[in-house]
Q: 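This is the structure, below, for whatever I ask next.
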There are 2 protein chains.
Amino acid sequence: MPTKTFFNLPGEKRQNLIDAALREFSRASLADASIANIIKDACIPRGSFYQYFEDKADLFFYILEEHSARNREQMMSLAIKHQGDLFTSSAEFFESSLHRFIHDEQGANREFARNIFLNMNYKIEYKLILDVKNPTTRERIREFYRNYMGVIDTSGLNIHSEEELLHLIKILRAILIQNFIQFFAGEADEQEVLHNFRLELELLKRGLYTSRSHET
Amino acid sequence: MPTKTFFNLPGEKRQNLIDAALREFSRASLADASIANIIKDACIPRGSFYQYFEDKADLFFYILEEHSARNREQMMSLAIKHQGDLFTSSAEFFESSLHRFIHDEQGANREFARNIFLNMNYKIEYKLILDVKNPTTRERIREFYRNYMGVIDTSGLNIHSEEELLHLIKILRAILIQNFIQFFAGEADEQEVLHNFRLELELLKRGLYTSRSHET
DNA sequence: AATTATATGTGACACGGTGTCATGTGTCAA
DNA sequence: TTGACACATGACACCGTGTCACATATAATT
């Protein structure tokens, strides 16, 4: 987490630093980004940077969590909008995110997202979901999950417990992320990736076994 | 890819270098590993390293591809063993891999795998699957997929095209990887992660929608 | 006003890792 | 003997990081 000092900074200076960081993290992945570039861009001395952040990752994950919080909010409001329909709201989330990336003229958000998804790993993914280090963020996300699962309408779903719902959400998330990755990797364009995602949702809904004898 | 020079090396020297690299990549992720450590361990001068490899990543992905090839072979032989049953063979693949990691006394393979999975990203995942840079490896993997899909018995599966089978495999892969990650992240122990994986397979098989009216 | 405490700013520097390059060595063929 | 080629080597320039001693500002205390 950024230090108290960072939050005491005048708003403009703070925003200026964040903007510079966003530009750098749009240009390069966390691993390839350099503090040197950020402080040059933001015109702050090296020593100051370390007064605000532990290191590069500290700043990165702070920015990432801000974006993630907005995404969680959107997921929640879509779930509510669609009366708790998990599949429909997930699909709209995917579509609208994709649409936002594609029509991002400046390209800053898109490039940032590209670097996130193409370098997505456990630490990043679970920062999007469950921050391991920061207890406050962790609790925030836990709460989101509780609320989110409360909003989901399970009456149309073929699941029989909270546990199964959690696993379904886990599967959906994995598919969602995979498709974002394929989009950013250039493996599929907007139309293809939308088609793929929808197809995969249909497979999930439909079920993959014809012989139903295995059901318990 | 390693250079011709590397492959011309006497076998022992080559293996020695690979061993040292494996130790380093077991200790640290690709990003955190250092060439300095590898050459110190392998007792070769710095210049020689660059005679064999373009950089750290070149060596890393070479080693990774060797491991991946073995995994693909195992997936294939399990698919054959189970008469093309995609779910059963995937489950056995997961179980046996997990078992191997847990009973890896030396721990070298486990730690290497841990670094792979916890730092899994697009580039690594698709090296496990589809090498973007190297045409030879790419073709090798393409061929694997063709063969693998040929072996899968679709008669018990509720899918209606090659495309759907490909997507199903894609979903299964995502779930497989997610569970490995959760295991290595310590979020679940062997029993839990096995339980989770099996449950998720059941959800897939069963299908998630009760109202079947949406089926086309 | 003088003093002390506390918070913040600053950039030179030591450290460690990377990739290169000039030079050295070995081998084989003409 | 000479030249051509493949390979070996480690010193070195370069770059980014994180730290630290010192500077400055602001508020609180005497």
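Just so we're on the same page: letters track the sequence lines, and every chain starts at 1.
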Q: Rounded to whole Å, how long is the line connecting atom CG of A:Asp55 with atom P of D:dT17?
A: 10 Å
Q: Fit a plane to each ring of B:Phe25 and B:Phe112, take the angle between them on a 0 to 90° scale, and name the class: parallel (under 30°), tilted (30 to 60°) or perpendicular (over 60°).
A: tilted
Q: Between the side chains of A:Glu73 and A:Arg70, is the shortest nitrogen-to-carboxylate-oxygen separation below 4.0 Å, so that they form an ion pair?
A: no
Q: Tell me which nucleotide among D:dT17, C:dG19, C:dG17 gets nearest to the side chain of B:Ala36.
A: C:dG17
Q: In terms of the angle between their ring planes, are B:Phe101 and B:Phe180 parallel, tilted or perpendicular, with boundaries placed at 30° and 60°?
A: perpendicular
Q: Measure from CG on B:Asp58 to C1' on C:dG19 and round the result to the nearest Å.
A: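 Atom-to-atom, B:Asp58 to C:dG19, this comes out as 14 Å.
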Q: Rounded to the Å, how far apart are B:Tyr50 OH and C:dA22 C1'?
A: 18 Å
Q: Do the rings of B:Phe49 and B:Phe53 sit parallel, tilted or perpendicular, given the 30° and 60° boundaries?
A: tilted
Q: Over how many whole Å does the gap from B:Ile35 atom CD1 to C:dG19 atom C1' extend?
A: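 Between C1' of C:dG19 and CD1 of B:Ile35: 8 Å.
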Q: May I ask you to say whether A:Glu95 pairs ionically with A:Arg198, meaning some side-chain N is under 4.0 Å from a carboxylate O?
A: yes
Q: Atom CD1 of A:Ile39 to atom P of C:dG9: distance rounded to whole Å?
A: 14 Å
Q: In whole Å, what is the span from the NZ atom of A:Lys40 to the P atom of D:dC15?
A: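 Atom NZ in A:Lys40 sits about 10 Å away from atom P in D:dC15.
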Q: Please determine if a side-chain N or O atom of A:Asn8 lies less than 4.0 Å away from the OP1 or OP2 oxygen of C:dT8.
A: yes
Q: Charged N to carboxylate O below 4.0 Å: is that the case for A:Glu202 and A:Lys205?
A: yes
Q: Walk along nucleotides 8-13 of chain D from 5' to 3' and tag each nucleotide B, S or - by protein heavy-atom contact under 4.0 Å, base first, then sugar-phosphate.
A: BBB---
Q: I need the CZ-P distance between B:Phe6 and D:dA6, as an integer number of Å.
A: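 Roughly 19 Å, once rounded to whole Å.
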Q: How long is the line joining CD1 of A:Ile38 and P of D:dG16, in whole Å?
A: 12 Å
